[in-house]
Amino acid sequence: MARTILRTLLLFCMLFLSCVPSRAQIISDKIDSLISNSPFLKTSEVGVLVYDLTSKKELYRYQAEKLYRPASVEKVITSVTALSVLGKDYQIKTGLSYSGYIEGDTLYGNIYVKGDFDPEFMPEDLESMVEAVSSMGIRSVKGRLIGDVSMMDSVYWGPGWAWDDTPDSFQPYLSPLMLNRGCINISISPSSGSGKANVEIEPKSDFYTVDNNTSSSGVNVRATRNWLYNDNTISISGCARHKSSTTMNVFDSKGFFMNTLRYQLQEKGILIPKDSVAYGNMAEETKGIITIYRDIDEVLKRALKESDNLSAESLFFHATREISGGKRYLSHKDGQKAIYKFMKSDIGFDERKYRIVDGCGVSDYNYVSPELIMGYLKYAFSSPLIFHPFYDSLPIAGIDGTLQYRMGKGKCFRNVMAKTGTLTGVCSLAGYVTSPSKHTIAFVIINQNVLKYVSARKFQDEICNILASYN
């Protein structure tokens with residue numbers, strides 16, 4: 001009798017459990033309903049892939065094998081590749097050295113700057129170089145100031161980059177020698193009288209000139225340069241009614257770096273001819289003056305949290321150099337080959353099915369699938385040495401980076417760690433979320449042919465909320 005009751009109870013439990021929808025089924029039904037009822041998807045496309053990394057189980061997929069332009073979600077590929085081949089303790093090194101000899105206060109030889117594509121090399125770093133030369137007692141240089149930019153070729157933009165994005169600061173001219181991210185910071189304030197506005201530009205240099213045409217009346221103040229002709233005359237016009245500031249790129253980043261270094265050496269009282277700036281390979285026998293070190297962590301955080309294109313391109317080229325065995329004069333084509341090589345050997349995807357031409361995702365030539373991005377998210381999760389620095393560098397929902405003003409409440413708040421992506425017609429999101437049962441869930445959402453980004457972001461946020469709400 002007892003056995004019969006036990007069997008009956010067991011059968012009842014099995015029947016009951018079979019009627020209870022699984023977590024995967026609940027998630028699937030809710031995302032399906034969201035896709036079916038989102039009006040903006042009637043004129044656009046989306047690819048979605050969700051994977052439970054803890055239980056190693058796929059939870060949802062929708063058009064995940066199709067190709068899409070990724071926008072900045074491609075930085076996931078760049079960052080994971082860079083961390084894998086360079087390591088979390090990698091450093092970028094910009095070196096200053098000299099050849100010849102010093103007699104009295106005069107250097108009879110050349111000063112060399114070895115460019116290493118440091119996207120975080122700022123005016124204070126340049127000041128450290130100037131101070132290092134000055135502290136050696138040098139007051140005159142009878143030689144040249146030579147920039148070694150042999151790390152990369154001379155093509156300063158990636159394939160498929162929009163030419164009319166310049167002079168915006170998010171698209172500087174790439175070079176192994178970057179100062180202040182290849183940009184100038186312009187501050188404009190009203191003058192005490194009725195004359196022209198006060199204009200201050202940092203870093204100070206004679207590499208650019210200022211044409212101040214401001215007045216006491218008229219339209220609001222505007223700053224630009226004739227970027228179509230690669231002119232570095234900064235034109236300020238209009239009326240400065242209140243203090244304002246802007247940042248813009250300048251043409252020829254290596255020239256900006258080297259000529260600003262020469263200018264600031266002169267300001268320090270170190271005589272060096274204006275025509276002394278040249279470019280070439282660093283001499284084999286040089287003596288070190290100073291080296292500026294940059295941790296990969298600093299570059300990684302800006303690339304992911306702020307979705308910075310320059311930082312992503314730096315990671316792209318450093319990883320390329322490592323994979324290519326130290327090759328010099330690297331091109332974006334070399335970078336493409338390096339990414340493909342890693343994709344095939346380590347991620348296990350057929351590189352012939354995708355197209356990646358830069359490191360930041362700005363190019364319209366890039367085509368990836370949610371499956372491919374998921375491959376990198378899963379690969380990162382499998383290695384703590386990669387995952388921890390990568391995960392810690394992702395924007396946090398409602399807290400910082402490009403997710404600071406998204407998902408600021410509810411179960412997604414502080415719980416979603418993900419890379420955003422925005423390009424004309426593209427809105428994407430990929431990263432991790434923790435479920436109520438403490439499972440780590442990886443997800444990729446790529447919206448394509450989008451006119452209103454607010455609709456796509458709301459859609460993505462709702463998917464994240466579903467993943468964060470169900471065990």
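FYI, side chains are in, hydrogens and waters are out, and symmetry mates aren't considered; it's all heavy atoms of this structure.
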I'd like to know whether M343 forms a side-chain contact (heavy atoms from CB on, under 4.5 Å) with L372, so could you lay out the CA-CA distance, the side-chain angles of the two residues, the decisive distance to 0.1 Å, and finally the verdict. CA-CA 9 Å; M343 181 191 299; L372 180 65; 3.9 Å; yes

What's the spacing between [X] [atom1] and [Y] [atom2] if we round to 0.5 Å?
X    : Y    : atom1 : atom2 : result
I441 : L53  : CD1   : CG    : 7.0 Å
D308 : L300 : CG    : CG    : 11.5 Å
Y68  : Q448 : OH    : CD    : 7.5 Å
I272 : L107 : CD1   : CG    : 8.5 Å
I463 : N465 : CD1   : CG    : 11.0 Å
R294 : D125 : CZ    : CG    : 4.5 Å

Salt-bridge present ([X], [Y]; N to O < 4.0 Å):
X    : Y    : result
R262 : D206 : yes
E131 : K268 : yes
K353 : E351 : no

Are any non-hydrogen side-chain atoms of [X] and [Y] less than 4.5 angstrom apart?
X    : Y    : answer
C427 : Q460 : yes
F381 : F390 : no
R181 : E120 : yes
V444 : V76  : no
P389 : L83  : yes
V357 : N366 : yes
P119 : M178 : no
R61  : E371 : yes

Would you say [X]'s side chain and [Y]'s backbone share a donor-acceptor pair under 3.5 angstrom?
X    : Y    : result
D148 : S150 : yes
N249 : G182 : no
S99  : N110 : yes
S134 : V130 : no
S128 : E124 : yes
K274 : Y263 : no
K305 : L394 : yes
E202 : N185 : no
T320 : F316 : yes
S428 : P70  : yes

Does atom [atom1] ([X]) have a neighbourhood of more than 12 heavy atoms from anything else shown, all under 6.0 Å?
X    : atom1 : answer
E285 : CD    : no
K333 : NZ    : no
I102 : CD1   : yes
E200 : CD    : no

Y340/R352 under side-chain contact (heavy atoms from CB on, under 4.5 Å): CA gap, chis, key distance, verdict: CA-CA 8 Å; Y340 286 167; R352 295 170 296 180; over 6 Å; no

Check whether the ring centres of Y173 and F256 lie less than 6.0 Å apart, and answer yes or no.
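No, the ring centres sit 6.0 Å or more apart.
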
* Examine Y379 together with F342 and report whether their ring centres are nearer than 6.0 Å. =>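 Between Y379 and F342, the centre distance is under 6.0 Å.
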
Report the relative orientation of the aromatic rings in [X] and [Y]; use parallel for angles under 30°, tilted for 30 to 60°, perpendicular for over 60°.
X    : Y    : answer
H318 : Y90  : perpendicular
F459 : F40  : perpendicular
H332 : W161 : perpendicular

(request) Starting from the C-alpha separation in whole Å, work towards a yes-or-no answer on side chain to side chain donor-acceptor pair (under 3.5 Å) for T420 and T402. (result) CA-CA 7 Å; T420 60; T402 53; 2.7 Å; yes

Side chain to side chain donor-acceptor pair (under 3.5 Å) assessment of K419 paired with S307 | CA-CA 8 Å; K419 182 71 200 76; S307 198; 2.9 Å; yes

Could you give me the CA-CA distance, side-chain angles and deciding distance for D334 and S331, then say whether side chain to side chain donor-acceptor pair (under 3.5 Å) is met? CA-CA 5 Å; D334 293 318; S331 66; 3.2 Å; yes

Shortest non-hydrogen contact between [X] and [Y], atoms and distance:
X    : Y    : value
S382 : P384 : O-CD, 3.9 Å
N415 : T434 : ND2-O, 2.9 Å
M282 : S97  : SD-OG, 3.5 Å
D358 : E74  : O-OE2, 2.5 Å
A278 : M258 : O-CE, 4.5 Å
I292 : F121 : CG1-CE1, 3.8 Å

Residue pair S72, N309: steps toward the side-chain contact (heavy atoms from CB on, under 4.5 Å) verdict: CA-CA 8 Å; S72 285; N309 296 327; 4.3 Å; yes

**OP:** Evaluate side chain to side chain donor-acceptor pair (under 3.5 Å) for S363 paired with R355, printing each intermediate quantity in order.
**Re:** CA-CA 11 Å; S363 176; R355 181 177 296 161; over 6 Å; no

Between K378 and Y51, is NZ or CZ placed under 6.0 angstrom from the six-membered ring centre and within 45° of the ring axis?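 Ring-cation test returns yes.
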
Task: Test item: side-chain donor near acceptor, R457 and T422, under 3.5 Å - done: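 R457 vs T422: donor-acceptor pair found between side chains.
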
Derivation and outcome, salt bridge (charged side-chain N to carboxylate O under 4.0 Å, His left out), residues K301 and D297
CA-CA 6 Å; K301 276 186 166 61; D297 182 66; 3.1 Å; yes

(message) Let's go through V141 and S276 carefully: what are the C-alpha distance in whole Å and the side-chain angles of both, what is the deciding distance for side-chain contact (heavy atoms from CB on, under 4.5 Å) to 0.1 Å, and is it a yes or a no?
(response) CA-CA 9 Å; V141 178; S276 66; over 6 Å; no

* To do: Could you name each residue pair satisfying ring-ring contact (aromatic ring centres under 6.0 Å, His included) that touches residues 404-436, not counting sequence neighbours?
  =>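 Residue pairs with at least one partner in residues 404-436: F387-Y432, Y391-Y432.
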
